[in-house]
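Please read the structure below before turning to the comments.
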Amino acid sequence: MEPRIEMVQEKKLVGKRLRMSLQDNKTGELWRSLMPERKKIQHSVGTELYSLQVYEPLYFKHFNPAAIFEKWALVEVNDFDNVPPGMETFVLTAGLYAVFIHKGSNTDTKTFEYIFTEWLPRSGYVLDNRPHFEILGEKYKNADPDSEEEIWIPIRSINQG
């Protein structure tokens with residue numbers, strides 16, 4: 001399961017966010033609040049949805065399932081004109097990402113385990129302190145074993161310091 005390495009250009013996104021932990025996961029609540037209102041988002045780019053996480057700088061150094069992070073449910077847009085009430089904007093800054101294809105239920109953690117315990121330690125890259133995200137495209141089917149999504153992990157070369 002080797003990733004493709006991609007340079008992401010800046011993206012404009014619109015959606016909703018919640019603070020949560022892995023222990024107190026509110027992902028379902030977040031998406032249930034966005035999906036009925038998603039058609040109100042103007043100037044969307046494509047049909048994909050973005051599930052994005054913003055972690056504190058030391059989140060992965062001292063892993064704790066009760067540690068709080070910010071999770072966003074988002075749609076990419078061309079501009080921020082006419083953001084619907086109750087939604088917010090998010091600018092994803094440009095940067096290098098390792099992109100993995102996860103096949104299976106969104107509750108199956110095997111891809112994340114592989115990324116952090118096998119691929120990353122031997123890759124020549126380290127985590128960069130930028131948002132992590134998943135792209136939920138046409139093959140995404142939530143908890144279905146036939147589901148497919150892209151997992152985007154922010155990286156930088158070990159030599160970049």
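Keep in mind that the numbers below use all heavy atoms, side chains included, and drop hydrogens, waters and symmetry copies.
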Verdict with supporting geometry, Glu2 and Trp119, side chain to side chain contact (heavy atoms under 4.5 Å, CB included) = CA-CA 8 Å; Glu2 284 303 303; Trp119 182 80; 3.4 Å; yes
Would you kindly confirm whether [X] and [Y] end up in one hydrophobic cluster when ILVMFWY residues are joined by side chain heavy atoms under 4.5 Å apart?
| X | Y | result |
| --- | --- | --- |
| Leu127 | Leu22 | yes |
| Tyr59 | Ile115 | yes |
| Trp31 | Ile135 | no |
| Leu92 | Phe80 | no |

Indicate yes or no: at least one non-hydrogen side-chain atom of [X] is less than 4.5 angstrom from one of [Y].
| X | Y | answer |
| --- | --- | --- |
| Glu138 | Thr47 | no |
| Gln42 | Val77 | no |
| Thr89 | Lys12 | no |
| Ile101 | Glu148 | yes |
| Tyr125 | Ile153 | no |
| Ile41 | Leu34 | yes |

Spacing of [atom1] belonging to [X] relative to [atom2] belonging to [Y], to within rounding of 0.5 Å:
| X | Y | atom1 | atom2 | result |
| --- | --- | --- | --- | --- |
| Glu10 | Thr93 | CD | OG1 | 7.5 Å |
| Leu30 | Ser51 | CG | OG | 7.5 Å |
| Ile155 | Ile5 | CD1 | CD1 | 4.0 Å |
| Ile68 | Tyr55 | CD1 | OH | 12.0 Å |
| Met87 | Arg38 | CE | CZ | 10.5 Å |
| Arg32 | Lys26 | CZ | NZ | 12.0 Å |

Do the side chain of Lys71 and the main chain of Met20 share a donor and acceptor less than 3.5 angstrom apart?
->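 No; zero donor-acceptor contacts below 3.5 Å.
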Under 3.5 Å donor-acceptor, Asp128 side chain and Arg130 backbone =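 Not a single qualifying donor-acceptor pair exists.
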For [X] and [Y], which heavy atoms make the closest approach, and how far apart are they?
| X | Y | value |
| --- | --- | --- |
| Glu37 | Ser33 | OE2-O, 3.7 Å |
| Ser21 | Pro65 | CB-O, 3.4 Å |
| Ala66 | Gln23 | CB-OE1, 3.6 Å |
| Leu136 | Glu149 | CD2-OE2, 3.8 Å |
| Ile151 | His102 | CD1-CB, 3.6 Å |
| His43 | Asp81 | CD2-O, 3.7 Å |

Given Phe90, Phe133, Trp72, Trp152, the one that forms ring pair (Phe, Tyr, Trp, His ring centres under 6.0 Å) with Tyr50 =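 Of Phe90, Phe133, Trp72, Trp152, ring pair (Phe, Tyr, Trp, His ring centres under 6.0 Å) with Tyr50 is met by Phe133 alone.
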Arg156/Val126 under side chain to side chain contact (heavy atoms under 4.5 Å, CB included): CA gap, chis, key distance, verdict | CA-CA 6 Å; Arg156 61 180 167 78; Val126 293; 3.5 Å; yes
Show the numbers, then the answer: is there a side chain to side chain contact (heavy atoms under 4.5 Å, CB included) between Lys103 and Thr111?
-> CA-CA 8 Å; Lys103 294 181 180 178; Thr111 303; over 6 Å; no
Side chain to side chain contact (heavy atoms under 4.5 Å, CB included) evaluation trace for Arg17 with Val54 | CA-CA 10 Å; Arg17 66 177 157 163; Val54 178; over 6 Å; no
Kindly say whether the aromatic ring centers of Phe60 and His132 come within a distance under 6.0 Å.
->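 Judged by ring-centre distance (under 6.0 Å), Phe60 and His132 do meet the cut-off.
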Would you say the side-chain atoms of Glu113 and Thr109 include a donor-acceptor pair closer than 3.5 Å?
->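 Distance-only check passes for Glu113 and Thr109.
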CD/Glu6: more than 12 non-hydrogen atoms of other groups inside 6.0 Å |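 Above 12, so yes.
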Applying side-chain contact (heavy atoms from CB on, under 4.5 Å) between Val75 and each of Val45, Leu13, Leu49, Val14, report the one that passes.
->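 Running side-chain contact (heavy atoms from CB on, under 4.5 Å) over Val45, Leu13, Leu49, Val14 with Val75 returns exactly one hit, Leu49.
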Determine, stepwise, if the pair Lys110 / Glu118 fulfils salt bridge (Lys or Arg N to Asp or Glu O under 4.0 Å).
-> CA-CA 11 Å; Lys110 71 179 181 303; Glu118 294 182 44; over 6 Å; no
Electrostatic pair Glu150-Arg4, nearest N-O below 4.0 angstrom =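 Counted as a salt bridge, because a side-chain N and a carboxylate O are separated by less than 4.0 Å.
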